[in-house]
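Residues: numbered from 1 along the sequence shown.
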Amino acid sequence: MAESTIQQQSLTSWDKPDLDLSGAEWQSSSRGLGDVQIAFVEGFIAMRNSRRPESPSLIFTPAEWGAFVSGAREGEFDLT
C-alpha cells in the first residue's frame with residue numbers, strides 16, 4: 001500500500017504543461033539513424049518514436065534533458 005501512495009504522490013506532482021505538438025518541428029539525428037525524434041517546444045524538449053509519431057511523446061525540462069544526454073554519453077543506458 002505504501003508503494004501505491006508513493007506512485008500517486010509522484011503522479012500528482014507532474015508540473016509540465018500539456019504541450020501542443022501539432023506544429024512542432026521534429027528533428028532526427030544528424031546521421032538519420034535511430035527511431036527517435038526531438039522537438040523544442042515552449043522551453044521543453046519533446047521526444048517521440050519516429051516510427052509511431054501518433055504515440056505519446058516524452059516531455060523533458062532542460063535540466064532533465066541535460067541529465068539524460070549526459071547519461072547517454074557516459075553509457076549509463078547501455079544494455080550490453
Side-chain angles (χ1 to χ4, degrees):
M1 183 147 196
E3 184 177 329
S4 64
T5 303
I6 293 170
Q7 288 175 342
Q8 287 177 348
Q9 287 175 346
S10 58
L11 288 176
T12 58
S13 66
W14 177 258
D15 59 355
K16 296 174 190 168
D18 191 17
L19 299 176
D20 178 9
L21 301 176
S22 61
E25 293 183 28
W26 294 96
Q27 304 171 25
S28 297
S29 71
S30 59
R31 297 183 204 150
L33 303 173
D35 297 329
V36 174
Q37 294 177 315
I38 62 167
F40 299 93
V41 180
E42 298 179 32
F44 292 88
I45 298 87
M47 184 169 68
R48 73 177 184 183
N49 180 340
S50 64
R51 291 186 183 183
R52 298 189 65 210
E54 72 284 353
S55 63
S57 298
L58 299 174
I59 307 298
F60 297 91
T61 64
E64 291 168 334
W65 182 252
F68 172 74
V69 170
S70 293
R73 286 182 179 151
E74 294 171 5
E76 182 177 341
F77 310 114
D78 288 348
L79 300 176
T80 56

Minimum heavy-atom distance between [X] and [Y], given as atom pair plus value:
{"X": "W65", "Y": "F60", "result": "CE3-CD1, 3.7 Å"}
{"X": "A39", "Y": "E25", "result": "CB-O, 3.7 Å"}
{"X": "V36", "Y": "M47", "result": "CG1-CG, 3.3 Å"}
{"X": "L19", "Y": "V41", "result": "CD1-O, 4.0 Å"}
{"X": "W26", "Y": "S57", "result": "CH2-OG, 3.7 Å"}

[X] side, atom [atom1]; [Y] side, atom [atom2] - distance, nearest 0.5 Å:
{"X": "L58", "Y": "I38", "atom1": "CG", "atom2": "CD1", "result": "12.0 Å"}
{"X": "E64", "Y": "I45", "atom1": "CD", "atom2": "CD1", "result": "9.0 Å"}
{"X": "Q37", "Y": "R51", "atom1": "CD", "atom2": "CZ", "result": "11.5 Å"}

Problem set entry | D35 backbone acceptor or donor facing S50 side chain under 3.5 Å |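 A pair under 3.5 Å: yes.
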